[in-house]
A.B. asks: 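Could you have a look at this structure, given as structure tokens, before my questions?
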Amino acid sequence: MTDGAHPDSGGAAVRSPGRVQSVDRALQLLEEMADGGGTATLSDLAERTGLPLPTIHRLMATLRDAGYVRQEPSRRYALGAKLVGLGDSAGRLLGSWVRPTLASLVERTGETANMAMLDGDRVVYLAQVPSRHSMRMFTEVGRRVDVHCTAVGKALVAGLPDEAVRGILRRNAMTKYTPNTLTTEAEFFAQLDQIRTLGYAFDEAEQEMGVRCVAAATESSAPVALSVSGPASRFSKDRRDAVIPLLREAVTRLAAG
């Protein structure tokens, strides 16, 4: 949910001059739907946002007619196909924007650098600059992966409320990919507490055997995560720990624009 009160719910919204309230609210509804797994009822959205049902109904009807949401036979609303094209275009632009930062990380660490962001209940990779080593990690741009077994996923959900994280884990399940994969909510939240304290996340061969990864996320309403990954035989824990300051520096620089 975005910060700030809403006039219709009895509060006074604080908006910068020139901002359009109806646009703010429509975007808020789309973000709430995305955070909730991509679908919601009008009453769900009213509960989460504090906006009046008539206001939500009008906004959702407008978004539906424009193709940004669709209404299912159950009367639930779901994110619409028109958002896919916007997302693809935004992803390509983000990839171009972040490439110099990723290239710098590769130059300084010797390992592959990636950028990813949450896409519903999963994580999508938006950009990658590979290591120069012949044995290196490769993740296809556009690939979607689970949250519970990836450093980027953990770093990204660390900024969400616990309830939202539980929803993601339960809707997407916690598939066991390797002997190291976290498969219970208790394990995941214990590690998430550490990530929130440290400001970065690890993947110790939890998605793929022999692969080590470290990631950190920007702090924003639409965070992205940067990661450095490599074969565990070369990217040792000591080397991983040495990369962390460089990774956090890159994240800070990226967040500053």
Side-chain angles (χ1 to χ4, degrees), residues 1-91 94 116-124 126 144 146-148 153 156-174 185 188-189 192 196 217-225:
M1 185 185 301
T2 55
D3 294 333
H6 303 280
D8 287 343
S9 58
V14 178
R15 297 190 305 275
S16 301
R19 292 185 66 172
V20 179
Q21 185 184 72
S22 59
V23 176
D24 274 346
R25 289 175 167 181
L27 292 173
Q28 182 186 9
L29 293 175
L30 291 174
E31 289 171 358
E32 288 291 348
M33 290 180 69
D35 289 344
T39 67
T41 64
L42 295 180
S43 57
D44 290 337
L45 293 170
E47 181 179 351
R48 295 176 198 167
T49 64
L51 294 172
L53 273 171
T55 299
I56 295 173
H57 185 270
R58 288 195 301 271
L59 291 170
M60 294 301 287
T62 300
L63 291 169
R64 180 197 61 209
D65 292 346
Y68 293 106
V69 300
R70 57 185 172 81
Q71 195 165 21
E72 299 179 330
S74 65
R75 309 301 292 173
R76 291 179 69 87
Y77 285 89
L79 296 177
K82 201 164 184 179
L83 291 170
V84 176
L86 292 177
D88 287 344
S89 296
L94 276 172
M117 69 182 299
L118 280 177
D119 179 29
D121 289 344
R122 306 189 82 198
V123 175
V124 59
L126 298 176
R144 286 164 170 79
D146 291 338
V147 161
H148 72 288
L156 287 164
V157 300
L160 299 179
D162 285 355
E163 183 181 352
V165 178
R166 287 192 184 93
I168 290 172
L169 297 178
R170 292 172 185 178
R171 286 189 298 269
N172 214 37
M174 297 182 72
E185 288 184 22
F188 189 84
F189 276 100
L192 203 61
R196 287 166 172 164
T218 59
E219 295 181 4
S220 67
S221 60
V224 296

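Reckoned from all heavy atoms, side chains included, excluding hydrogens, waters and symmetry mates.
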A.B. asks: Rounded to the nearest 0.5 Å, what separation is found between the CD1 atom of Ile168 and the CD atom of Glu163?
C.D. replies: 11.5 Å
A.B. asks: Got Asn172 and His148 here, is their nearest side-chain heavy-atom distance under 4.5 Å?
C.D. replies: no
A.B. asks: CZ/Arg166 to CZ/Arg170 distance, rounded to the nearest 0.5 angstrom?
C.D. replies: 6.5 Å
A.B. asks: Under the side chain to side chain contact (heavy atoms under 4.5 Å, CB included) criterion, do Met33 and Leu45 qualify, and how do the steps go?
C.D. replies: CA-CA 8 Å; Met33 290 180 69; Leu45 293 170; 3.9 Å; yes
A.B. asks: Using the side-chain contact (heavy atoms from CB on, under 4.5 Å) rule, pick out the option among Leu160, Thr218, Val157, Leu118 that qualifies with Pro223.
C.D. replies: Thr218
A.B. asks: For Leu156 and Val147, run side chain to side chain contact (heavy atoms under 4.5 Å, CB included): C-alpha distance rounded to whole Å, both residues' side-chain angles, the deciding distance at 0.1 Å, then the answer.
C.D. replies: CA-CA 8 Å; Leu156 287 164; Val147 161; over 6 Å; no
A.B. asks: More than 12 foreign heavy atoms under 6.0 Å from CD of Glu72: is that the case here?
C.D. replies: yes
A.B. asks: Would you please test Met117 and Val123 for side chain to side chain contact (heavy atoms under 4.5 Å, CB included) and show each step?
C.D. replies: CA-CA 6 Å; Met117 69 182 299; Val123 175; over 6 Å; no
A.B. asks: Does Arg70 use its side chain to pair, donor to acceptor, with the backbone of Ala78 at less than 3.5 Å?
C.D. replies: no
A.B. asks: Hey, could you give me the CD1/OH distance between Ile56 and Tyr77, rounded to the nearest 0.5 Å?
C.D. replies: 10.5 Å
A.B. asks: CG of Leu30 to CG of Leu79: how many Å apart, nearest 0.5 Å?
C.D. replies: 6.5 Å
A.B. asks: Search all heavy atoms of Ser43 against all heavy atoms of Thr41 and return the closest pair with its distance.
C.D. replies: OG-OG1, 3.0 Å
A.B. asks: About how many Å separate CG of Leu29 and CG of Leu42, when rounded to the nearest 0.5 Å?
C.D. replies: 9.0 Å
A.B. asks: So, taking the atom named CD in Gln71 and the one named CZ in Arg64, what distance separates them when rounded to the nearest 0.5 Å?
C.D. replies: 5.5 Å
